4 protein chains.
Amino acid sequence: MNGKGENIEILHTRDRIVQSALRLFSRKGFRGTTIKDIAQEVGVTEGAIYRHFESKEELMEHITEKIAGEIDLLLTEEVLSKEGIKERVEALVESLACYAFNNPDSFRYMAVFHLLREEDEEEEEGRYLPGIKILHMLKEAYSRGEINVIPEVALSIVTGTISRLFEIKEMGLTEVSEEGLIDEMKRVILRSLGLAPDL
Amino acid sequence: MNGKGENIEILHTRDRIVQSALRLFSRKGFRGTTIKDIAQEVGVTEGAIYRHFESKEELMEHITEKIAGEIDLLLTEEVLSKEGIKERVEALVESLACYAFNNPDSFRYMAVFHLLREEDEEEEEGRYLPGIKILHMLKEAYSRGEINVIPEVALSIVTGTISRLFEIKEMGLTEVSEEGLIDEMKRVILRSLGLAPDL
Amino acid sequence: MNGKGENIEILHTRDRIVQSALRLFSRKGFRGTTIKDIAQEVGVTEGAIYRHFESKEELMEHITEKIAGEIDLLLTEEVLSKEGIKERVEALVESLACYAFNNPDSFRYMAVFHLLREEDEEEEEGRYLPGIKILHMLKEAYSRGEINVIPEVALSIVTGTISRLFEIKEMGLTEVSEEGLIDEMKRVILRSLGLAPDL
Amino acid sequence: MNGKGENIEILHTRDRIVQSALRLFSRKGFRGTTIKDIAQEVGVTEGAIYRHFESKEELMEHITEKIAGEIDLLLTEEVLSKEGIKERVEALVESLACYAFNNPDSFRYMAVFHLLREEDEEEEEGRYLPGIKILHMLKEAYSRGEINVIPEVALSIVTGTISRLFEIKEMGLTEVSEEGLIDEMKRVILRSLGLAPDL
DNA sequence: TATGAATGAGCTTTCATTCAT
DNA sequence: TATGAATGAAAGCTCATTCAT
């Protein structure tokens with residue numbers, strides 16, 4: 001019982017660390033965020049962070065995996081479960097945009113996390129995880145003749161548009177409602193891929 | 001002649017600093033790049049940087065202004081000089097994508113430079129300069145009924161797609177030629193905005 | 001008890017920093033003293049200083065305020081509490097000279113601290129605090145006809161003599177005892193102000 | 001003739017260096033003054049200083065010797081040439097105070113120059129040159145019974161008062177004329193030494 | 001003589017990390 | 001588990017000095 005109580009405490013602190021780190025990393029960058037920043041936001045001292053994560057690096061990797069998992073789940077359950085490329089693209093725009101608007105820190109983090117490490121010169125890794133899966137989906141549709149747009153360009157249209165619109169919204173450059181933006185994106189992206197419903 | 005020779009020397013070192021800093025800032029971030037990194041790449045000692053720029057900050061501002069100026073020139077001379085929204089969008093995709101492929105460091109820098117500073121928590125500035133100008137152009141076309149896409153979404157489609165495709169190419173995820181990618185983007189983006197030539 | 005022990009430790013290091021900084025600043029100047037010098041004398045690394053003081057500047061300001069407070073207390077409690085200008089001057093010489101001989105670092109610091117900053121060209125501030133208070137006292141005595149010496153000159157006689165004698169003693173240029181010097185100063189300064197006991 | 005012309009040039013620049021360095025050293029300290037500061041004030045570049053002085057150190061030593069020589073000359077010609085201790089003290093106050101008011105940079109420099117070096121920890125040197133000579137004079141007068149004040153205290157009265165009054169005047173804390181201040185000092189210092197003319 | 005780019009040592013400061021408590 | 005003092009490496013920057021021109 002004692003152990004249980006402690007465990008709950010740990011989880012709480014640990015979660016708050018992750019939440020604060022996510023928020024700060026996504027806004028100020030990995031290097032721009034200090035352990036002290038995180039500790040202060042959580043309300044503990046710097047040393048306490050190291051009870052939960054071995055290093056700042058490990059903390060970041062934890063967050064990266066967490067978000068990658070969420071996005072992956074989204075793709076698997078909300079998008080790839082659908083039949084038909086049109087339905088899949090519609091679901092992709094819908095679910096990814098919703099995810100962005102509801103989890104701005106996570107989306108921002110994912111969008112820039114390859115810019116956050118900046119470790120060694122040109123370190124390229126197996127990142128861009130979600131993109132790869134979508135690219136695969138689009139390549140299949142392309143080879144089956146379901147869309148007539150080069151898959152890499154199709155991928156750019158879908159994810160690039162959502163990312164940029166998210167940024168525009170974050171900057172306060174639009175007053176259109178989230179729903180309005182999502183519907184418009186769906187309509188226009190489908191049209192761009194030759195999947196317009198009204199054709 | 002003497003003065004000339006000296007001047008050339010000065011410009012050389014200064015220019016090499018700018019070039020290296022641009023390359024490194026755009027790849028490793030502002031904080032991720034050290035003065036030592038830049039100095040080593042240029043082949044001088046750290047102190048020499050400070051003969052040409054008062055601080056790392058000032059060096060960054062110089063680069064930012066330089067690139068903002070280049071993009072602005074591009075928009076003014078290559079895009080806004082055209083008549084008709086279709087011609088303008090075509091020119092925009094063409095010139096921005098070419099700029100990206102020919103000046104990858106500059107484009108990468110511009111795309112991420114608001115992520116590089118990471119100064120104080122949520123510092124928002126008058127950045128995203130090029131976007132504003134394009135948004136203005138699209139809003140006018142929209143109000144005139146020349147396009148039927150919400151301007152913010154239209155902006156996202158155009159600039160988001162180019163940015164994402166640039167990233168995909170940089171990651172080596174496509175083998176399509178630059179020309180092929182640009183033509184495809186032009187075709188698809190025009191279609192998305194209801195400006196398809198074949199309609 | 002635990003808390004007590006920790007507290008004592010903290011005070012110790014912090015106090016030792018102040019003590020060493022005071023000693024070094026007063027002898028080698030603000031710029032002439034490095035954080036490394038202080039850290040070495042205290043027996044910690046440079047970074048440790050910054051747990052206790054935000055900057056070298058702040059450390060100096062702390063010391064300045066500490067000493068200004070001590071001198072001010074001295075004036076208020078030992079000098080201004082007395083009645084009669086003769087008694088006050090006697091007490092001033094006595095207490096200031098004793099302070100100098102017993103706290104040579106502090107006195108030296110106070111005597112030169114406006115020379116230690118050397119910030120911007122000719123920055124004049126509200127310094128020389130103790131002097132102002134004494135000048136005020138002398139001006140009152142002068143306007144009441146209790147002394148017949150121009151107050152600014154009287155102030156110079158009193159504080160200038162003590163300062164210079166302190167320096168002479170520090171340089172090892174005299175073998176007279178502290179008591180002997182103080183008594184002689186009292187006698188001669190009183191005579192200079194027309195307050196000689198034998199008149 | 002050519003050589004002559006050049007020589008004149010050298011002297012000019014060299015003199016201007018000395019003048020600027022004296023001004024800056026006396027106000028901002030040795031460490032607080034950079035070679036660049038001096039060069040800028042003179043209107044040349046940093047390298048040019050090294051045409052005239054081997055190092056910053058040497059420049060300082062030159063200035064120190066120059067001023068020490070001036071003061072020494074003053075003592076020899078204006079003070080020690082007089083007969084009688086009363087006449088000598090009067091001349092000392094007169095000439096030293098005039099020197100201070102007419103050459104504030106030099107006097108300030110001399111007053112603080114042992115604080116400017118701040119080289120190694122407790123470097124004591126054969127400085128305080130003028131003081132030594134005056135002390136000698138006062139010791140003789142004391143042993144002859146011409147004054148009844150301990151020589152070290154007498155020295156402190158004379159030089160300490162002048163120094164402090166100079167500082168007070170520099171701070172703008174008095175509106176009394178220079179002449180008035182000097183006359184008052186003469187009167188009061190003589191009285192303090194038991195040499196009052198009215199006794 | 002003078003320039004000014006460059007050096008190199010040293011400075012203040014920051015920060016991830018450790019560790020005794 | 002948490003604290004917070006301390007470390008140590010590295011950062012940005014300064015500056016006396018040198019040297020090719």
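What you see is a predicted model, and the numbers here were worked out from it, not measured in a lab. Reminder, nothing fancy here: chain letters follow the sequence lines and each chain counts from 1.
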Q: May I have the step-by-step check of side chain to side chain contact (heavy atoms under 4.5 Å, CB included) for D:His62 and D:His52, ending in yes or no?
A: CA-CA 11 Å; D:His62 174 84; D:His52 301 279; over 6 Å; no

Q. In whole angstrom, what separates D:Ile38's CD1 from F:dC15's C1'?
A. 12 Å

Q. Within this structure, what is the CZ-to-P distance between D:Arg14 and E:dA2, rounded to whole angstrom?
A. 12 Å

Q.
Please check if the number of heavy atoms outside A:Gln19 that lie under 6.0 Å from its CD is greater than 12.
A. no

Q: State, to 0.1 Å, how close A:Phe30 and A:Lys56 come at their nearest heavy-atom pair, and which atoms those are.
A: O-NZ, 2.9 Å

Q.
Could you tell me if the side chain of A:Met60 sits less than 4.5 Å from the side chain of A:Tyr109, heavy atoms only?
A. yes

**Q.** D:Glu70 side chain reached by D:Met110 side chain, heavy atoms, under 4.5 Å
**A.** no

Q. Is there side-chain contact between C:Phe25 and C:Asp105, with at least one heavy-atom pair below 4.5 Å?
A. no

Q | Distance in angstrom units between D:Asp15 CG and E:dT1 P, rounded | A | 13 Å

**Q.** Base versus backbone protein contacts along nucleotides 10-16 of chain E [heavy-atom cut-off under 4.0 Å; B, S, -]
**A.** -SBBBSS

Q | Length of the line joining B:Phe53:CZ and E:dG4:P, which is rounded to integer Å | A | 18 Å

Q.
In whole Å, I'd like the distance from the CD1 atom of A:Ile49 to the C1' atom of F:dT3.
A. 13 Å

**Q.** Side-chain donor/acceptor of C:Ser26 to backbone N/O of C:Arg23, under 3.5 Å
**A.** yes

**Q.** Between C1' of E:dA6 and NE2 of B:His12, the distance in whole Å
**A.** 17 Å

Q: Determine which bases of DNA chain F form Watson-Crick or G-U wobble pairs with both distances under 3.5 Å, and write the result as a 5' to 3' dot-bracket string with | for other-strand partners.
A: .||||||||||||||||||||

Q: Mark yes or no for whether B:Thr33, through its side chain, and B:Leu24, through its backbone, hold a donor-acceptor pair below 3.5 Å.
A: yes

Q: Would you please confirm or rule out a distance under 4.0 Å between OP1 or OP2 of F:dG4 and any side-chain N or O of C:His52?
A: no

Q: Compare all side-chain heavy atoms of B:Arg51 with those of B:Thr13 and state whether any distance is below 4.5 angstrom.
A: no

Q: Using atom CG of D:Asp37 as one end and atom P of F:dT17 as the other, report the distance to the nearest whole Å.
A: 14 Å

